[in-house]
Novice: 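I'd like to ask you about the structure that follows.
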Amino acid sequence: MRPLTEEETRVMFEKIAKYIGENLQLLVDRPDGTYCFRLHNDRVYYVSEKILKLAANISGDKLVSLGTCFGKFTKTHKFRLHITALDYLAPYAKYKVWIKPGAEQSFLYGNHVLKSGLGRITENTCQYQGVVVYSMADVPLGTHILLRYKRPEIGDSFANSSQVQLKKKKKKCLHSGKHSTGKNLAILT
Amino acid sequence: MGRKLDPAKEKRGPGRKARKQKGAETELARFLPAAGDESSKRLSSRARKRAAKRRLGSAEALEMPKFPGAKPFPGKLPKGASGGAVQTPGKKGAQSLLRASQGKKRPAPTHSSEEEEEEEEDDSEEDDVVNQGGLWDSEDSDADMIDDYGADSTSEDDDEGEELLPIERAARKQKAQEAVAGSQWSEEETEEEEEEEAEEESPESGPQKNDEADGGLQINVDEEEPFVLPSAGEMEQDAQAPDLQRIHKRIQDIVAVLRDFGTQREEGRSRSEYLHRLQKDLATYYSYGDFLLGKLMDLFPLSELVEFLEANEVPRPITLRTNTLKTRRRDLAQPLGKWSKTGLVVYDSSVPIGATPEYLAGHYMLQGASSMLPVMALAPQEHERILDMCCAPGGKTSYIAQLMKNTGVILANDANAERLKSVVGNLHRLGVTNTIISHYDGRQFPKVVGGFDRVLLDAPCSGTGVISKDPAVKTNKDEKDILRCAHLQKELLLSAIDSVNATSKTGGYLVYCTCSIMVEENEWVVDYALKKRNVRLVPTGLDFGQEGFTRFRERRFHPTLRSTRRFYPHTHNMDGFFIAKFKKFSNSIPQSQTGNSAASTPTNLDLPEVKDQMTPKPKGSSHPAKKARVAVKAKQQLQKRQHPKKASFQKQNGISKGTDSSSPTVSCDTKSQAASKLQDSSQPAQKAEVIRGPKVPRKLKQQSAMPQASKKVAFRKQNASRGTDTEVPVLSLSKTQATLKPEDCDQPLGNSKRAEKVKQQLPEQPFKKAAFRKQNGTPKGPETSTVSLLSSSRPPPAKRRKSQSRGSSHLSS
């Protein structure tokens with residue numbers, strides 16, 4: 001476990017800023033104590049300092065997780081944000097998208113969302129914007145990239161993998177604990 | 001228009017028809033089966049006949065006083081009457097009725113001929129032995145088939161005052177005739193049947209009876225034959241091709257027999273044979289291994305055992321726990337099932353519970369009801385440091401975090417890396433942020449990091465409480481597995497205790513729980529920890545559930561084990577579980593000594609050490625640790641009793657300690673005194689104690705100040721010397737006295753049962769002395785001895801004598 005290097009911090013903050021913009025500062029300076037990011041086994045964890053103290057006693061090979069995992073760095077040092085970071089991003093999201101109940105299940109299982117499934121959307125959301133997706137009950141469902149096309153076309157899924165893979169990964173994460181990749185959203189217009 | 005054929009009517013008259021039809025009826029009667037049911041409305045002729053018979057039976061009973069001479073009758077009549085009165089298995093009732101009516105028929109028409117009655121009696125007696133089926137059928141059918149021509153002739157009988165219908169009289173007549181004819185036939189049958197029965201020992205030949213032998217009042221139960229154990233041959237046959245129906249019936253039979261063994265047993269068969277058979281049958285029926293079933297038979301009474309086994313076949317209802325970090329219970333209760341305590345029970349759902357968006361968003365956690373209990377017992381407070389030693393899959397850890405509202409720190413540890421992934425996933429899903437997850441073997445714990453406020457240890461176990469979830473446990477557990485689990489649990493528990501910080505402001509608690517019902521893994525482990533560490537048991541705070549055992553078969557446990565809790569699937573409808581809550585009162589570890597009973601207030605950290613050192617000496621010198629502990633405890637108990645009398649001495653441990661230190665010899669005296677008190681059931685010892693009493697306080701006052709360390713040293717020395725019988729005059733005196741006692745009371749010595757009674761008395765004491773005692777649980781250490789010392793001028797209270805009489809071991813010599 002070690003603090004992030006400058007480079008890593010920069011990469012990570014860039015990614016996060018896509019979704020919450022300059023609210024990033026709020027993540028670090030919280031009213032209930034100072035939180036910091038730590039790197040362990042290529043994963044970035046967001047912990048408060050109190051926890052950090054105790055965790056320092058645990059040897060590296062025995063430490064599995066601490067606080068909240070935000071994401072991980074890939075072999076090529078790109079930062080991938082995890083679904084587990086959702087709880088922290090959701091309150092500070094700049095652009096939000098609400099989807100209808102009908103589209104909700106489909107979305108959860110990894111499919112794209114058509115425009116017809118869209119309930120609400122923040123104004124001025126531009127293309128390729130990172131958004132946080134909510135259900136109509138304001139339950140955050142995921143973070144995504146908005147893809148908007150002029151033609152009704154199947155949007156491309158963002159980076160990661162095919163839809164099928166996404167679905168599987170998501171399921172695995174929530175039930176058995178593997179870290180999942182972020183879900184991706186393509187909204188067709 | 002035409003005359004209706006009424007088979008009940010007896011055919012009379014000189015004509016051909018009368019003769020012919022009667023003959024036919026006789027023939028037919030042999031083949032027709034008898035139907036046994038009757039309805040109250042619109043009886044068929046047959047039914048009427050039967051009703052008549054029944055009434056006959058009761059009427060005959062009324063008639064009985066008329067025939068005082070008919071001695072054989074009383075034996076039969078009541079039977080018949082009651083048999084008739086009660087709707088027994090139709091066959092039986094009818095049979096006995098039949099017999100009765102056979103006998104009674106005579107008197108009614110003839111009012112005479114006891115010979116006939118006796119003959120009838122004999123016939124009937126034989127009939128009883130016989131399987132009545134055929135005989136009864138024949139006679140009954142005969143009776144039914146009789147045409148009721150004789151209605152007119154029997155009208156005279158009305159004057160007799162009996163409420164018999166014409167058909168009944170006809171039936172009687174018919175039967176009388178038939179009985180004579182049939183008796184010969186039945187004799188033959190009897191012989192055959194008896195031979196058969198001698199060979200056959202089929203247990204489920206239910207209504208085969210020898211209730212004739214019983215005589216007396218017939219009730220439903222007695223009508224059936226006492227259950228007969230199958231022979232060896234039968235058992236082998238069962239092993240090859242078990243017929244579950246038969247086995248199930250046999251199980252019920254054996255349980256019924258064992259419930260009332262004195263009366264229902266079969267002669268020549270011991271109780272253990274029945275139990276052995278039952279064990280085999282249960283093992284076959286419920287697919288258990290023999291070992292596990294044997295253990296369960298030890299654990300439960302028979303009626304509960306069957307319920308328990310049945311409950312294990314059925315899964316428990318699904319329960320959830322709402323995650324209050326993210327939602328409220330009533331928000332969740334809408335789409336889901338019913339409401340219960342801190343969780344929700346789901347009875348049915350249209351969606352898979354683990355796939356709803358709420359689940360994925362972490363609004364609730366699928367958790368067994370029994371798994372919520374240890375966390376409730378642990379009662380974590382905010383801003384505490386908590387260790388969860390075996391946390392996978394993370395349900396309890398997340399509950400702890402929820403109760404702490406994400407404050408403080410939780411260290412969630414598990415030794416299994418695979419299952420740790422589920423912990424990570426669950427904690428993230430439920431939004432728990434104050435947790436560190438580690439992958440250590442629990443036994444390494446205090447070394448890695450210690451000083452926790454509370455620790456939860458959900459120890460790996462044999463899983464005998466969750467058989468409904470994992471039926472493989474039924475067969476793959478044996479003695480070695482249980483002992484291995486127990487060993488691991490003991491080690492883990494000791495490590496957990498060492499990881500607790502006793503001086504924590506808000507904590508110092510440890511909860512040990514298992515999902516097993518075996519005594520070896522539960523009470524035994526807890527008892528072991530009580531001996532090895534400075535902990536004591538406290539109430540769990542759960543007001544339901546069965547108390548843990550304080551004794552089980554040959555083992556005896558500390559009485560505070562009553563504050564532990566057991567849960568069973570068949571009584572509480574949750575998985576089998578065991579929960580114990582400890583409070584650690586001292587951070588020091590006793591020096592590799594057994595026999596340390598948890599005592600002393602948290603302020604006196606050194607006292608336990610002293611006591612520890614005390615106890616081994618007597619132990620070394622005499623009996624096993626348990627008895628020494630008992631002796632110590634009994635001593636303390638005795639001394640405690642005197643506490644309320646001496647309010648002045650109640651004030652501080654300091655005072656008593658001072659007195660302790662002041663007179664090591666005296667205290668040794670007290671010990672030996674107390675020890676002697678223990679064994680003593682006779683007067684002399686008490687007198688001696690009284691005598692010694694006045695001496696002691698004087699000594700105490702003289703020597704008031706001695707440093708504690710030296711006191712301890714002195715203590716030890718004295719103890720050692722006591723154990724080895726040196727020439728300290730005080731000691732020798734006490735020793736002689738002590739030696740007197742053993743002679744006086746041979747019985748209590750070496751009787752472990754009494755030791756247990758002493759131990760069990762201990763809990764009574766604390767409740768009475770609430771003012772003095774700061775903790776519930778076992779008595780204090782040496783200071784109590786001195787208090788008693790000071791108050792020993794009074795004659796010992798009556799209660800103490802009782803305990804003395806039950807005290808078993810002698811400490812000295």
Side-chain angles (χ1 to χ4, degrees), chain A residues 1 30 32-33 35 38 40 43 45-70 82-88 90 99 101 104-105 107-109 134-142 170-180 183, chain B residues 325-327 331 351-352 354-363 366 383 385-387 391-394 405-441 444-445 447-452:
Chain A
M1 180 171 62
R30 277 167 54 153
D32 54 343
Y35 281 68
R38 285 292 176 270
H40 178 65
R43 289 207 153 94
Y45 294 96
Y46 177 70
V47 294
S48 87
E49 290 200 333
K50 281 183 284 179
I51 301 173
L52 211 49
K53 266 196 312 186
L54 186 59
N57 298 328
I58 301 179
S59 73
D61 56 344
K62 300 291 192 191
L63 183 64
V64 174
S65 168
L66 59 160
T68 315
C69 172
F70 251 54
H82 281 189
I83 186 80
T84 49
L86 185 61
D87 283 337
Y88 295 97
I99 53 176
E104 188 183 307
Q105 280 289 32
F107 171 73
L108 283 178
Y109 280 88
Y134 291 81
S135 75
M136 291 317 282
D138 274 337
V139 176
L141 299 176
K170 186 201 78 179
K171 284 264 157 143
K172 260 201 254 178
C173 157
L174 293 161
H175 291 280
S176 73
K178 281 207 193 130
H179 291 275
S180 71
K183 290 201 292 284
Chain B
L325 294 173
K326 292 205 174 184
T327 184
D331 293 341
V351 244
T356 65
E358 280 83 18
Y359 178 80
L360 296 174
H363 287 197
L366 279 172
H383 307 292
R385 271 174 147 205
I386 309 233
L387 168 66
C391 63
K405 299 194 182 57
N406 258 336
T407 60
V409 186
I410 303 175
L411 180 55
N413 177 68
D414 199 87
N416 184 341
E418 286 300 312
R419 299 188 77 207
L420 268 180
K421 294 181 188 163
S422 66
V423 179
V424 173
N426 277 322
L427 293 182
H428 277 102
R429 180 175 63 81
L430 294 163
V432 173
T433 56
N434 61 345
T435 311
I436 304 168
I437 303 168
S438 68
H439 174 40
Y440 282 104
D441 183 338
Q444 298 177 20
F445 246 95
K447 271 204 300 273
V448 173
V449 57
F452 290 95

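Below, chains carry the letters A, B, ... as their sequence lines are ordered, and counting in each starts from 1.
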Novice: For A:Asp87, is it the side chain, the backbone, both or neither that has a heavy atom under 4.5 Å from a heavy atom of chain B?
Specialist: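 The side chain, not the backbone.
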Novice: Go through the steps for B:Leu325 and B:Leu430 under the test side chain to side chain contact (heavy atoms under 4.5 Å, CB included), then give the verdict.
Specialist: CA-CA 8 Å; B:Leu325 294 173; B:Leu430 294 163; 5.9 Å; no
Novice: Can you sort out the partners of A:Lys62 under side chain to side chain contact (heavy atoms under 4.5 Å, CB included), two or more places apart, ordered by chain and number?
Specialist: A:Ile58, A:Ser59, B:Tyr440
Novice: Quick one: list whatever passes side chain to side chain contact (heavy atoms under 4.5 Å, CB included) with A:Ser135, sequence neighbours left out.
Specialist: A:Glu104, A:Ala137, A:Val139, A:Leu141
Novice: Of the backbone (N, CA, C, O) and the side chain (C-beta and beyond), which part of B:Thr433 lies under 4.5 Å from a heavy atom of chain A, both, or neither?
Specialist: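 Its backbone and side chain both get close to chain A.
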Novice: Report which part of A:Thr68 has an atom under 4.5 Å of a heavy atom belonging to chain B: side chain, backbone, both, or neither.
Specialist: both
Novice: Parallel under 30°, tilted from 30 to 60°, perpendicular over 60°: which one fits the rings of A:Tyr88 and A:Phe70?
Specialist: tilted
Novice: Using non-hydrogen atoms only, which part of B:Val448 is less than 4.5 Å away from chain A: side chain, backbone, both, or neither?
Specialist: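 Both the backbone and the side chain of B:Val448 come within 4.5 Å of chain A.
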Novice: Could you measure the distance from the CD1 atom of A:Ile99 to the CD atom of A:Gln105? Nearest 0.5 Å is fine.
Specialist: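 It is 10.0 Å, given to the nearest 0.5 Å.
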Novice: Between B:Leu411 and chain A, which part of the residue has a heavy atom less than 4.5 Å away: side chain, backbone, both or neither?
Specialist: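 The answer is the side chain of B:Leu411.
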